There are 2 protein chains.
Amino acid sequence: MPATPRRTGRPPVTSRPQILAAARSLIDADGWEKLTVRRLAAELGIGPTTLYHHVRDKQDLLLQLLNEYAGRLPVPELPDEPRDRIVVAATAMHDALTGWPWAAEILATDGFVGLLGDPALHLVDTIVGAAVDAGRTRAQAVAVFRSIWYYTVGEILVRFRSVGPAAYRDIDFTAFDPTRLPHLAAIGDQWPALATTDTYPAGLRALVDGLLDD
Amino acid sequence: MPATPRRTGRPPVTSRPQILAAARSLIDADGWEKLTVRRLAAELGIGPTTLYHHVRDKQDLLLQLLNEYAGRLPVPELPDEPRDRIVVAATAMHDALTGWPWAAEILATDGFVGLLGDPALHLVDTIVGAAVDAGRTRAQAVAVFRSIWYYTVGEILVRFRSVGPAAYRDIDFTAFDPTRLPHLAAIGDQWPALATTDTYPAGLRALVDGLLDD
DNA sequence: ACCTGAACACCGTTCAAGT
DNA sequence: ACCTGAACACCGTTCAAGT
């Protein structure tokens, strides 16, 4: 009568935690684009096909990675005032995505809320609850969350997938036709500086104010 | 003394307009994901490598496609009132992206404003100009545009890349822990219905109000 | 039980050679 | 001046066979 179940067959060469750790270090070292099944297997010193005994497919791997990351997130201290609570919770989401922007790729891909783990859902619940406390109906509160979510994930995606110096180099910001595009022409080569300023907090505040004011 | 330059060498089997038209019909028929260099070449009855004599690379092809699409957009009638003008211009952008959601993939990838053609930039200029008319500085006006852009592109990306019925099928919305996620538990299986409601116009209005109010 | 190599059905892109 | 096939360096995934 063995206390632990007898192991049979060939011993495993890797494990789920090992795979997730390797994936994380691969992303952190070489970037999100370089995380492929084949490279990950090579990193682990195993054949690509072996990975499929531990994860269903690549999408499943990414979700496990995401939920593990969410579990490590610090839980922010939440103010009592509903409006401030929304801003703090949304900012915590934004900070989490800034730290791992590739997560936004997954979250804007696949039915966002239902795929998140408990810790990340806690922030969703916080925002919905705070909107209810601010006098919204539950349906309105979900709409509040969704608007904030679109703004947040959009900011992350645009900020991290774009406007490398290379993309801007081709563009002559002083060449806008002043009769057709007067304001862009007036801004001219100040655009790149203005477009890289961090305006997330101000925009978030404005959005929350607009959503909660009658 | 020839009036037109003499043509020499092998005659072309295709042209830029033909390539763009084929790419457009391929996207419309089979979806954005199916637009590959090789499939496009097959559609045109030419070798994949021939395409590289007409476009620099795939990215270049996509940009040409995008700018051509922007050129076909209807120009909306713009109200005098600055706040309304912003809403109308942003809605026109949103409508354009709803009609061709894959465009959002490119626009959230590569330094968005500088890559757009004149017609699409006209909407950018409109929003910046209206924000100036509403009393903002030029720097603030750019921030207004950017916030609206993040919200808009985020909505499109999330809406079109997510929550197919397949994604939701795995999720039990009645299983949220009521002590840890009280509001999500209270919403329960109403979430999918609430999450597919079109809240873009209301959220946009709220955002614009928040951005323009002092 | 778990691992493996070979294979399938693809990608984008380059380049020397052909017409 | 333009086209072509072959080739390079990759993808994610399946599956029969091995230990």
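Every chain is numbered from 1, with letters handed out A, B, ... down the list of sequences. It should be emphasised that the depicted structure is a prediction, and the values quoted were computed from it without experimental measurement.
Between B:W191 and A:F145, the ring planes lie tilted relative to each other; the angle falls in the 30° to 60° range. Between A:W102 and A:W32, the ring-plane angle classifies as parallel under the 30° and 60° cut-offs.
Atom-to-atom, CH2 of A:W32 to P of D:dC11 comes out at 14 Å; the value is rounded to the nearest Å. Between the CD1 atom of B:I46 and the C1' atom of D:dT4 there is a distance of 11 Å, rounded to whole Å. Atoms CG (A:L51) and C1' (C:dA1) sit 16 Å apart, rounded to a whole Å. In this structure, B:K34 places its NZ atom 13 Å from C1' of C:dA9, rounding to the nearest Å. The CD atom of A:E33 sits 16 Å away from the C1' atom of C:dC11 (whole-angstrom rounding).
Where DNA chain D pairs in unbroken runs of 3 or more (Watson-Crick or G-U, both distances under 3.5 Å), the stems are C:4-8 with D:12-16, C:12-16 with D:4-8.
To the nearest 0.5 Å, atom NE2 of residue A:H53 and atom OG1 of residue A:T14 are 12.5 Å apart. To the nearest 0.5 angstrom, B:K34 atom NZ is 14.5 Å from B:L40 atom CG.
In summary, B:D125 and A:R180 do not engage in a salt bridge, as defined by a charged side-chain N under 4.0 Å from a carboxylate O. Between A:D198 and A:R159, no side-chain nitrogen of the basic residue sits less than 4.0 Å from a carboxylate oxygen of the acidic one, so the salt-bridge criterion is not met. Salt-bridge annotation for A:E155 and B:R146: absent, with no side-chain N of the basic residue lying under 4.0 Å from a carboxylate O of the acidic one.
A gap of 22 Å separates the P atoms of D:dC10 and C:dA9, to the nearest Å.
Contact annotation: A:H54 does not reach the phosphate of C:dC2 (side-chain N/O to OP1 or OP2, under 4.0 Å).
Counting any heavy atom pair closer than 4.0 Å across all strands shown, A:T14 reaches sugar-phosphate atoms only and no base atom.
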(message) Treating primed atoms plus P, OP1 and OP2 as sugar-phosphate and everything else as base, which nucleotides of nucleotides 12-19 of chain D get B, S or - for protein heavy atoms under 4.0 Å?
(response) BBBB--BB
(message) Checking B:R39 against B:E43 for the salt bridge (charged side-chain N to carboxylate O under 4.0 Å, His left out) test, could you report, in this order, the C-alpha distance in whole Å, the side-chain angles of both residues, the deciding distance, and whether it holds?
(response) CA-CA 6 Å; B:R39 282 174 71 102; B:E43 184 87 356; over 6 Å; no
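Side-chain contact of B:Y200 with B:T152: a donor-acceptor pair under 3.5 Å is present, judged by distance alone.
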